[in-house]
Number of protein chains: 2
Amino acid sequence: MSVQRQTKQLQAIQTAFETAGRPLSIDEIHELAGRDIESLGVRTVYRAVRRLQENGDVSIVNVPGGSDRYELASVAAEHHHHFHCTACDRFFDIHGCPGGLKKLLPKGFKLEHHELTLSGLCESCA
Amino acid sequence: MSVQRQTKQLQAIQTAFETAGRPLSIDEIHELAGRDIESLGVRTVYRAVRRLQENGDVSIVNVPGGSDRYELASVAAEHHHHFHCTACDRFFDIHGCPGGLKKLLPKGFKLEHHELTLSGLCESCA
DNA sequence: TAACTAATGGCAATTAATTGCCATTAATGC
DNA sequence: GCATTAATGGCAATTAATTGCCATTAGTTA
Ligand SMILES: [Mn+2]
Ligand SMILES: [Mn+2]
Ligand SMILES: [Zn+2]
Ligand SMILES: [Zn+2]
């Protein structure tokens with residue numbers, strides 16, 4: 001396999017994830033990293049996110065309704081959930097989990113994962 | 001406004017919802033109702049579901065990742081959640097709710113709704 | 001610095017879900 | 001049964017997200 005080059009674009013994208021501290025959509029990454037790299041193309045964001053996923057640095061966050069978000073794998077490693085602000089359409093990490101989900105399960109079903117999305121207004125929109 | 005006609009197609013679609021007893025995708029509705037109406041077109045399913053939604057008889061269920069599902073509004077009226085079988089890709093109703101979500105909320109955030117999706121294997125796939 | 005080629009970015013093309021169009025069918029009321 | 005027109009269904013067209021293509025740029029190593 002060939003050597004992966006460390007480009008300004010990839011760096012700006014990684015920095016966007018770190019400074020945002022919340023799950024980002026492709027467009028949000030494009031917008032945030034684009035502040036550093038004025039000519040950043042969306043095509044490059046798609047490729048960078050794919051590569052970061054393949055390298056295990058970024059994980060996908062499937063959300064109900066809207067488009068996918070992505071977050072640092074280091075953040076995803078710790079079980080947590082998300083909050084969706086219906087005003088600004090941003091997602092935020094929610095640390096913790098209500099638990100007690102096994103007892104909700106119908107008989108015969110096998111529980112493997114679960115996903116919880118709270119929604120409402122974030123601090124700056126409330 | 002004009003009078004809505006009661007067609008075989010619409011009846012078959014309503015029956016599909018009632019006999020399935022779980023949230024259905026457009027394709028599932030097409031498949032299930034198509035057993036009654038052999039020539040049922042997908043175009044008709046889209047229109048019927050839209051009309052049932054507008055009439056308040058059916059509600060949309062946004063699911064993480066996959067395509068939208070629809071369920072009877074009478075079922076949706078009672079707060080509940082869903083289970084997604086990763087083997088057969090079907091969704092099932094989960095009655096009940098873990099609760100205690102307010103305490104997970106960051107300061108300043110306002111909680112309005114929440115959505116929980118369990119996943120794993122349903123009874124027939126387990 | 002030069003050579004090599006990974007990476008970029010603009011735009012066309014693809015994919016999947018949904019809708020527009022329209023000739024035909026059939027539910028409704030008289 | 002007949003007239004009226006809502007509804008159907010096949011297919012083209014649209015929409016939004018993602019990918020293919022490819023000439024150009026720029027990171028890396030010698
Ligand atoms: Mn997260
Ligand atoms: Mn349900
Ligand atoms: Zn907000
Ligand atoms: Zn199953």
Side-chain angles (χ1 to χ4, degrees), chain A residues 1-17 23-71 84 89-91, chain B residues 1-17 23-71 84 89-91:
Chain A
M1 58 215 64
S2 51
V3 179
Q4 291 193 340
R5 296 177 181 178
Q6 182 67 5
T7 65
K8 293 179 188 303
Q9 288 84 349
L10 184 64
Q11 280 183 322
I13 289 170
Q14 286 175 309
T15 299
F17 276 116
L24 300 174
S25 67
I26 293 290
D27 285 341
E28 285 175 329
I29 299 166
H30 186 214
E31 148 69 13
L32 292 173
R35 294 178 187 173
D36 287 308
I37 313 293
E38 72 297 329
S39 66
L40 181 65
V42 195
R43 188 71 187 81
T44 298
V45 176
Y46 275 105
R47 263 187 302 240
V49 169
R50 162 79 54 90
R51 196 171 107 184
L52 290 169
Q53 279 189 94
E54 290 173 348
N55 290 351
D57 296 321
V58 160
S59 301
I60 192 171
V61 178
N62 288 123
V63 304
S67 49
D68 295 338
R69 314 284 156 144
Y70 300 88
E71 65 183 359
H84 175 223
D89 199 35
R90 291 182 299 178
F91 277 78
Chain B
M1 62 217 59
S2 51
V3 178
Q4 291 194 340
R5 296 178 181 176
Q6 182 67 7
T7 65
K8 293 179 188 302
Q9 288 84 349
L10 185 63
Q11 280 182 323
I13 288 170
Q14 286 175 309
T15 299
F17 276 114
L24 301 175
S25 67
I26 293 290
D27 285 342
E28 284 175 329
I29 298 166
H30 186 215
E31 149 69 15
L32 292 173
R35 293 178 187 173
D36 288 307
I37 313 293
E38 72 298 329
S39 66
L40 181 64
V42 195
R43 189 70 188 81
T44 299
V45 176
Y46 275 104
R47 263 189 302 241
V49 169
R50 162 77 55 91
R51 195 171 110 185
L52 290 169
Q53 278 189 94
E54 291 173 347
N55 290 353
D57 296 321
V58 159
S59 302
I60 192 170
V61 179
N62 287 123
V63 305
S67 50
D68 294 339
R69 314 284 155 144
Y70 300 88
E71 66 183 358
H84 175 224
D89 199 33
R90 291 182 298 178
F91 277 77

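Residue numbers begin at 1 in each chain, while the letters A, B, ... track the order of the sequences.
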Axis-to-axis angle between the two ends of the helix from C:dT1-D:dA30 to C:dC30-D:dG1 (five base pairs per end, rounded to 10 degrees): 50°

Minimum-distance nucleotide to B:I37 side chain [options: D:dG9, D:dA7, C:dA6]: D:dG9

Nucleotide nearest B:R5 (side chain, heavy atoms from C-beta), chosen from C:dA27, C:dA7, C:dT18: C:dA27

Between [atom2] on [N] and [atom1] on [X], what's the gap in Å once rounded to a whole number?
X     : N      : atom1 : atom2 : value
A:D68 : C:dT15 : CG    : C1'   : 15 Å
A:R43 : D:dT24 : CZ    : P     : 19 Å
A:Y46 : C:dG9  : OH    : P     : 15 Å
B:R50 : C:dG20 : CZ    : P     : 8 Å
B:Q6  : C:dA26 : CD    : C1'   : 13 Å
B:H30 : C:dT18 : NE2   : C1'   : 14 Å
A:N55 : C:dA7  : CG    : C1'   : 14 Å
B:I60 : C:dT18 : CD1   : P     : 8 Å

From B:L40, B:T15, B:L24, B:D27, residue fulfilling side chain to side chain contact (heavy atoms under 4.5 Å, CB included) relative to B:L32: B:L24

A:R47 or B:T7, whichever maps to the more 5' nucleotide of DNA chain C: A:R47

5' precedence on DNA chain C between B:Q4 and B:S67 (nearest-nucleotide basis): B:S67

Heavy-atom pair with the smallest gap, counting every atom of A:E71 and A:P23: OE1-CG, 3.9 Å

Would you call [X] and [Y] a side-chain contact if the rule is heavy atoms closer than 4.5 Å?
X     : Y     : result
B:F17 : B:V58 : yes
A:D68 : A:N62 : yes
A:I26 : A:R69 : no
A:Q53 : A:I60 : yes

Donor-acceptor pair between B:N55 and B:Q4 side chains, under 3.5 angstrom: yes

Touch class at under 4.0 angstrom, heavy-atom based, for A:T44 against every strand present: base

